[in-house]
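Down below is the structure, laid out as structure tokens.
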Amino acid sequence: MSTDTSTNSPITTRRRGTIQRWSETLIPTLREAPAEAVNPSHRLMLRAGCIRQVGAGVYDFLPLGMRVLQKVSQIVREEMDAAGSAEMLMPAIVPVELYSGTKRDVEYGDLLFKLTDRHGRDAALGPTHEETVTEMAKGSVTSYKQLPLNVYQIQTKFRDEFRPRAGLLRGREFLMKDAYSFHLDIEGNGGLNETYDRMYQAYVNVFTRCGLDFTVVEAEAGPIGGSASHEFMVNADTGEDTILVCPATGYAANVEKCEIGERDWAFAGGGDQPLEKHHTPGMPGIELVVEHLGITADRMLKTIVFQKVGGTKCKWVLATVRGDHDVNEGKVRDAVGFQVTIANEKEAKEAGFAIGYVSPKMASQDDTLLLIDPDATAGTWATGADEKDHHVTGFDWARDLGADLPTKDQQGGKIRVADIRNAEAGDPSPRDASAKLEAKRGIEVGHIFKLGTKYAEAFDFSVLNEQQKKQTVIMGCYGIGVSRTVAATVEMSHDDSGIIWPVPIAPYHVVITVMDPDKPEHASVAEDLSEKLADNGVDVLVDDRKERPGVKFKDADLIGIPVRLTIGDKALEQDSVEFKLRGEEGKGRLVEMPHVVQEALSKLVGG
RNA sequence: CGGGGUGUAGCGCAGCUUGGUAGCGCGUCUCGUUCGGGACGAGAAGGUCGGAGGUUCAAAUCCUCUCACCCCGACCA
């Protein structure tokens with residue numbers, strides 16, 4: 001490697017690329033993937049020598065994987081800095097008392113990695129740092145004049161997942177960028193919304209620069225309401241999250257949060273079928289009953305029992321949806337206006353609910369509300385018999401529940417009709433009545449959130465405003481799963497031969513395959529080309545191994561470097577090298593020596 | 001946490017039913033022949049058979065316990 005004095009200055013706008021000889025680094029490629037790896041990203045990153053598994057959900061990043069991680073981190077860093085956030089670093093070890101202030105030690109439960117030190121003090125490995133950062137800001141921000149403030153860190157996070165899986169996609173230890181902002185107001189100059197919008201744009205920039213195909217979806221509304229939370233989802237068929245998109249308006253939301261457009265409903269059932277009781281022993285689930293009764297799930301009612309969170313006495317909430325639909329707890333909460341949770345089975349049974357065999361008729365009980373999804377109204381139904389091991393057929397709302405039923409003009413009583421289920425493909429769009437929602441799969445790589453005053457209140461973090469009045473600070477938080485973004489990229493961008501890294505986050509931009517490193521002319525051409533490329537900011541991997549050509553080509557494809565230059569006798573005879581893009585078929589084309597660098601640059605910069 | 005599965009050489013696997021010297025392919029090392037899409041020949045190294053206990057003259061194999069990992073589900077700011 002030559003010494004370029006101009007790059008030795010600490011102040012420079014030039015970036016010189018890296019030159020790495022394959023023989024001097026560690027890229028242990030595997031012909032076969034370990035049996036436990038199932039997902040494309042897991043298998044390929046293992047095979048490409050990017051990562052190695054150490055334990056469940058815990059991985060080594062080998063040099064190649066580390067370089068990708070660094071590239072993503074660097075893009076994140078640049079965009080965060082540009083958006084006015086200041087980098088800092090908080091500890092991974094967080095005293096558990098910090099969490100008890102916000103009850104998050106309870107909320108997180110077993111998800112929190114806990115440890116005890118030699119003095120018997122309890123601590124946690126941070127899964128995120130709202131508490132730590134709030135405590136830090138409380139001690140450092142003493143005047144409204146210091147607001148707004150936005151800080152971030154890129155750090156290893158820990159979550160003791162019940163079931164780590166899919167390699168880097170859901171690990172127990174992962175790299176995350178988390179940012180937190182502090183404000184006096186929500187609106188206006190320096191307000192939360194301004195920073196939130198800036199973060200939104202920064203995230204769009206980050207994922208666009210990473211070369212990802214992604215969708216921004218609306219997520220849980222949060223304490224402030226409105227569109228106070230957005231998730232950034234990489235579009236990949238293997239994603240764990242389902243998102244729904246309105247093709248007409250561009251509205252997109254996570255399945256858990258997705259609204260459904262207006263649906264018509266009525267309780268007209270006919271009432272011509274008799275109510276008939278059936279013995280259905282040991283069949284609390286829909287599938288078994290449906291099979292036993294010889295009907296389909298969309299002719300059954302599913303009634304889930306919820307209970308009010310907090311308050312002195314138990315308030316029950318029944319949620320009835322069609323058998324093939326899923327109740328959405330958040331929508332139930334919104335419909336009744338208070339926090340709910342799935343009923344404790346024991347308590348519910350003591351209150352008379354035959355869990356697994358509950359019917360809407362239980363709404364006649366005291367302290368019980370009934371919510372009915374529009375799709376579960378008209379018709380004749382099979383449902384539980386409110387008695388263990390029994391179901392009924394021929395249930396008719398009007399006949400069997402009668403006078404208590406609401407009408408479209410009269411809502412708000414003990415029984416209400418409301419959207420309480422998860423949206424599905426084909427449902428009417430909430431933004432355009434004529435459009436139907438479409439379902440896609442995605443991998444969540446970013447989440448921005450308007451926190452409001454939850455943490456500031458818990459930590460009593462307030463400042464004096466211009467009117468000398470004490471004011472609680474308003475916060476926002478913004479996360480990017482850096483290691484997950486790397487894995488999501490591979491899920492999205494690979495073929496049968498291996499990974500296809502987008503140029504901006506590829507570990508190297510160019511791999512120079514030296515056919516015979518023992519031949520001086522091969523070696524010197526490789527040397528010359530890599531120097532010129534590096535001078536132009538290109539990261540170069542020189543495959544100088546004494547391997548057969550086939551092995552080198554297969555490995556180059558596997559590790560997914562965007563441009564491959566092959567140096568061999570055939571091309572050298574014509575003073576050329578072979579030029580091939582990772583996605584292209586075949587051997588590539590000859591490019592004359594003087595044009596190689598320019599050709600590589602144009603392909604790399606162009607896309 | 002419920003259900004299922006797997007632990008035998010770096011990776012992929014056989015052997016276990018019916019107990020008796022631990023095997024195959026790939027990879028690794030040496031020598032030779034090869035050399036443009038995972039070569040060929042000859043030779044070599046490498047294994048507490050996940051761990052502990054038990055049965056037995058004898059355990060990878062049978063029994064008990066235990067640990068780890070994976071998959072499905074549940075869960076997932």
Side-chain angles (χ1 to χ4, degrees), chain A residues 26 28-39 42-43 46-47 49 52-59 99 102-112 126-131 157 159-167 169-172 174 176 178 180 219-220 222-223 228-229 231 240-241 254-256 285 287 326 329 342 443-444 446-451 454-455 475-481 484 496-498 513-519 522 543 545-558 564 566-573 577-578 580 585-588 590:
Chain A
L26 179 65
T29 56
L30 298 171
R31 190 181 292 212
E32 289 170 290
E36 62 267 18
V38 173
N39 288 262
H42 194 193
R43 293 176 62 84
L46 242 18
R47 283 190 55 207
R52 198 106 311 177
Q53 180 160 4
V54 177
V58 178
Y59 294 84
Y99 289 100
T102 50
K103 296 274 194 321
R104 281 230 293 190
D105 50 341
V106 181
E107 273 178 39
Y108 263 106
D110 291 335
L111 210 56
L112 203 60
T128 172
H129 283 71
E130 280 85 357
E131 290 84 359
K157 300 285 195 235
R159 284 176 150 201
D160 193 2
E161 294 282 350
F162 260 151
R163 190 183 151 212
R165 67 182 133 186
L169 285 174
R170 185 167 293 280
R172 297 196 297 168
F174 52 94
M176 179 170 167
D178 48 325
Y180 307 90
E220 190 176 353
S229 175
E231 289 173 341
E240 331 185 71
D241 291 304
N254 195 310
V255 64
E256 272 93 40
E287 295 83 14
D326 291 316
E329 189 175 313
I342 291 274
I443 301 167
E444 180 189 349
H447 196 165
I448 56 177
F449 205 81
K450 294 180 186 173
L451 281 177
K454 174 177 174 180
Y455 293 94
M475 292 172 59
C477 72
Y478 319 92
I480 290 180
R484 181 184 272 188
D496 291 343
S497 302
T513 302
V514 186
M515 295 304 294
D516 189 350
D518 285 337
K519 282 192 177 161
H522 288 205
D543 190 352
R545 294 175 301 167
K546 294 179 178 30
E547 288 287 351
R548 298 173 59 78
V551 173
K552 294 188 173 196
F553 293 143
K554 288 285 187 192
D555 274 350
D557 288 345
L558 180 58
R564 190 185 82 199
T566 305
I567 296 172
D569 289 333
K570 292 175 188 170
L572 285 181
E573 278 168 18
V577 299
E578 252 171 60
K580 181 177 174 298
E585 295 292 321
K587 295 176 63 174
L590 292 182

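Numbers restart at 1 for each chain; the letters A, B, ... are given by sequence-line order, proteins then strands. Everything quoted here is computed from the prediction, not taken from an experiment.
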Whole angstroms only, please: what is the CZ-C1' distance between A:Arg52 and B:C69?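 Distance check: A:Arg52 CZ to B:C69 C1' gives 16 Å.
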Between atom CG in A:Leu46 and atom P in B:C69, what is the gap in whole Å?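 It works out to 15 Å between those atoms.
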Does A:Ala35 reach a base, just sugar-phosphate, or nothing at all? Heavy atoms under 4.0 Å.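 Sugar-phosphate, backbone atoms only, no base.
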Looking for any heavy atom pair under 4.0 Å, which part of the strands does A:Gln53 touch: base, sugar-phosphate only, or nothing?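 Here A:Gln53 touches the backbone only, sparing every base.
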Under a 3.5 Å cut-off for both contacts, is [N] paired Watson-Crick or G-U wobble with anything, and if yes, with which nucleotide?
N: B:C16; value: none
N: B:G47; value: none
N: B:G2; value: B:C72
N: B:G25; value: B:C11

Any donor-acceptor pair under 3.5 Å joining the side chain of A:Arg165 to the base of B:C71?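 When only heavy-atom distances are counted, A:Arg165 does not reach the base of B:C71 through any donor-acceptor pair under 3.5 Å.
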What string of B, S and - do you get for nucleotides 26-39 of chain B 5' to 3' if you count protein non-hydrogen atoms under 4.0 Å? SS------BSBBBB
Toward the 5' end of RNA chain B, which comes first, A:Glu36 or A:Arg159, by nearest nucleotide?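 Mapping each residue to its closest nucleotide by heavy atoms, the 5'-most match is A:Glu36.
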For A:Ala33 and A:Arg484, find the nucleotide of RNA chain B closest to each by heavy atoms; which residue's nucleotide sits nearer the 5' end?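 Looking at RNA chain B, the more 5' nearest nucleotide goes with A:Ala33.
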